[in-house]
Amino acid sequence: MSRRLFVNLPATVLMLLVMVGAAWLSYRQAEQAGMQELHSTGVHRLDLYAASLEREINKFALLPAALALEAQVQNLLRAPSDDQHLQAVCRHLQQLNSRAGTLSIYLMNASGRVLAASNWDAPDSFMGEQLPFRPYFRDALAQGSGRFFGIGTTRGEPGYYLASAVMEGRRALGVVVVKLSLEQLERSWATVETPVLVSDDNAVVILSSVPAWKFRALRPLDDAARQALDRNLQYNRRVVRPLGLAELGPQGQDARLVRLPQTGTAEPSVYPVAGRFLAQSRPLAGTTWTLTVLSHLEQVQDTALSRAALGLVAAAMVCMLAWVVHERRGNLTIRLAARQTLQRALDALERTVAERTADLSAANQRLQAEVADRIHAEQTLRAAQDELVQSGKLAVIGQMAAGVAHELNQPLAAVRTLSTNAARFLELGDLSTAQGNLQRIAALVDRMGHITGQLRGFARKSSGQIQAVPMAQVVDNALALLELRLRHGGTVLQRSDESPSPEALCDANRLEQVLVNLIGNALDAVAVQPQRRIHISCSSTAQRVRVSVHDSGPGLPEHVRSRLFEPFFTTKAPEQGLGLGLAISAGIVRDCGGSLSGANHALGGAVFTVDLPRAPDPEGGVKP
Ligand code: ADP
């Protein structure tokens with residue numbers, strides 16, 4: 001399957017696209033879900049951390065206001081030169097500071113000079129210091145209260161200042177200030193799980209769960225801000241360096257994506273402090289501060305990546321499944337198409353077979369009709385042939401007629417003389433001589449009967465039945481018919497016969513006709529020759545019987561030899577020959593399964609040979 005998968009490039013590309021798409025969708029979905037979860041967790045944390053911070057600040061918020069209402073504080077402001085009273089107020093502030101756990105508590109007069117302080121007896125006491133430039137002082141004089149984050153000018157200690165004006169009617173006599181340490185505020189963040197920070201209105205980090213971020217600016221300070229810092233010594237001339245936070249873009253309401261660089265001096269932390277974060281901020285009530293919770297995106301990305309991998313695997317499996325189903329369907333379609341093609345081929349084959357069968361049966365019928373025609377034609381031909389054979393016979397008989405008449409004349413004349421003489425001897429009473437004459441007459445009649453009998457036998461229509469025929473007997477019969485011509489022509493007949501004579505398979509009557517033709521032609525050929533000889537020989541092999549008629553005639557010139565068996569070919573005068581003898585003879589021999597040939601003999605003259613199948617031995621074999 002994999003080979004086909006890669007061969008099918010568009011399908012492969014489509015699958016890859018689907019897989020990549022599924023992975024991307026899974027990633028996006030998981031990332032969105034993760035971001036949402038991160039967002040809601042962040043909001044929850046913001047609420048939690050803001051509430052705890054506000055609770056921590058509010059714990060001390062009433063302390064300066066309560067002190068401002070105290071009579072001894074107001075009296076000291078009215079009579080600052082009363083040392084005893086000053087001492088009492090300082091001790092009071094010291095006790096209060098110690099009990100509350102604050103950094104310091106002090107009382108400033110309306111011109112910004114510190115009149116009494118909780119650290120009155122410490123070497124670095126800020127008793128008598130002039131701090132009219134501090135914003136919390138100015139705010140308290142102007143609005144009755146002030147809050148400020150800053151670094152102390154005396155000890156350089158960062159802290160949160162809560163200030164309340166000491167009022168006499170509408171006039172402010174002075175300001176009571178409580179300074180809280182950052183540790184006190186940061187204590188509420190002991191259990192934070194992600195980086196959290198508080199930035200002031202200068203976007204300078206004043207509280208942070210990551211100590212290295214403190215007093216780093218979230219955004220670069222502008223000139224106006226720097227000048228203000230120079231005036232109010234908010235960070236006590238501490239260099240405020242940028243944190244390097246890069247804004248990557250807003251992420252929903254009150255949130256944005258940021259990137260924090262790896263700070264070289266960063267202390268080991270339980271959570272990541274560099275990388276991409278979801279930053280969620282909110283202002284802290286009652287302050288100019290902003291609380292920011294940073295949630296690292298690492299986990300979201302990890303989750304999204306694993307979801308993307310899952311999506312990829314799932315899409316790959318679905319693609320594979322789809323491919324398998326597609327392949328199966330394809331195979332089914334191919335099989336179906338192949339089956340339909342096969343069915344069509346079978347139908348076509350069946351149609352062809354039906355057509356061919358119809359053609360064949362029509363051809364068969366035609367063939368049968370043709371065969372019937374042939375049989376009929378053959379029968380007609382055979383009948384014609386029979387007629388021809390018969391005609392040939394009759395022609396031979398016609399040729400013999402004169403001879404036969406001549407042959408019969410002599411005995412007839414003898415019979416006439418003998419019968420006349422017999423009658424005379426009877427009158428004379430010479431019975432024995434008359435009897436002798438009558439006996440001679442009977443012999444002559446027998447002889448004439450024999451002659452006519454032979455002619456009748458020759459003339460009769462053949463049965464056409466093939467049987468074993470003794471060859472010598474057939475030759476004898478033919479010679480008997482031609483005896484007269486032989487005798488009168490003065491032809492010397494020579495015979496060479498095997499003993500016993502071999503038997504050929506043929507129709508005896510017709511074979512006799514063949515030999516009459518051959519011997520008759522030989523007689524014609526030798527008729528004009530001074531030496532008239534005819535040699536008839538019979539020979540045989542295990543399968544064949546041969547009779548040859550060799551004459552001492554002129555032989556066969558080439559133009560005659562090539563046309564010997566042509567019907568109506570003759571070199572003889574019309575009354576002597578029709579040119580049918582050899583044609584009929586060849587047909588007869590062929591019908592018997594044999595052959596007739598004519599050639600010039602080496603010793604001169606022509607030789608005609610009849611070759612026939614040998615009759616089987618009645619005892620089961622063939623004769624030697
Ligand atoms: P016909 O004898 O009526 O002419 P055949 O078919 O018997 O018809 O013979 C055809 C011809 O073959 C003869 O006319 C003759 O020229 C030639 N022929 C046949 N037998 C011989 C033979 N023994 N010697 C020479 N020529 C022959």
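Counting starts at 1 for both ligands and their atoms, in listed order. Fair warning: this is a prediction, and the values are worked out from it, not measured in the lab.
Considering every non-hydrogen atom in both Ala308 and Tyr27, the closest pair reads CB-CB, 3.8 Å. Considering every non-hydrogen atom in both Leu505 and Ala468, the closest pair reads CD2-N, 4.0 Å. In this structure, Gly489 and Arg532 approach most closely via the heavy-atom pair O-NE, 2.8 Å.
If you take CG on Leu17 and OG1 on Thr12, they are separated by 11.0 Å, rounding to the nearest 0.5 Å.
Contact annotation for Leu556 and ligand 1: only side-chain heavy atoms (C-beta onward) come within less than 4.0 Å of the ligand. Residue Asp551 touches ligand 1 through its side chain alone, judged by heavy-atom distances below 4.0 Å.
The closest approach between any non-hydrogen atom of Gly598 and ligand 1 is not below 4.0 Å.
Heavy-atom proximity to atom 3 (O) of ligand 1, evaluated over Gly581, Gly579, Ser585, Ala586, is greatest for Gly579. The residue among Ile534, Asn521, Leu518, Val607 with a heavy atom at the shortest distance from atom 7 (O) of ligand 1 is Asn521. Across the listed options Leu582, Asp524, Ile584, Leu582 owns the non-hydrogen atom lying nearest to atom 5 (P) of ligand 1.
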For this session: Apply the test side-chain hydrogen bond (donor to acceptor under 3.5 Å, both in side chains) to residues Asp347 and Gln343: give CA-CA distance (whole Å), side-chain angles for both, the deciding distance (0.1 Å), then the verdict.
Result: CA-CA 6 Å; Asp347 291 348; Gln343 190 59 49; 3.2 Å; yes
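In this pair, His296 and Phe277 present their aromatic rings perpendicular. The plane angle is above 60°, beyond the 30 to 60° band.
Those atoms of ligand 1 with a heavy atom of Thr570 less than 4.0 angstrom away are 1 (P), 4 (O), 14 (O). Remark: ligand 1 atoms within the under-4.0 Å shell around heavy atoms of Gly555 are 25 (C). With ligand atoms numbered from 1 in the order given, ligand 1 contributes 12 (O) to contacts under 4.0 Å with heavy atoms of Leu564.
Of the N and O atoms on the side chains of Ser597 and Thr609, not one donor lies less than 3.5 Å from an acceptor on the other residue.
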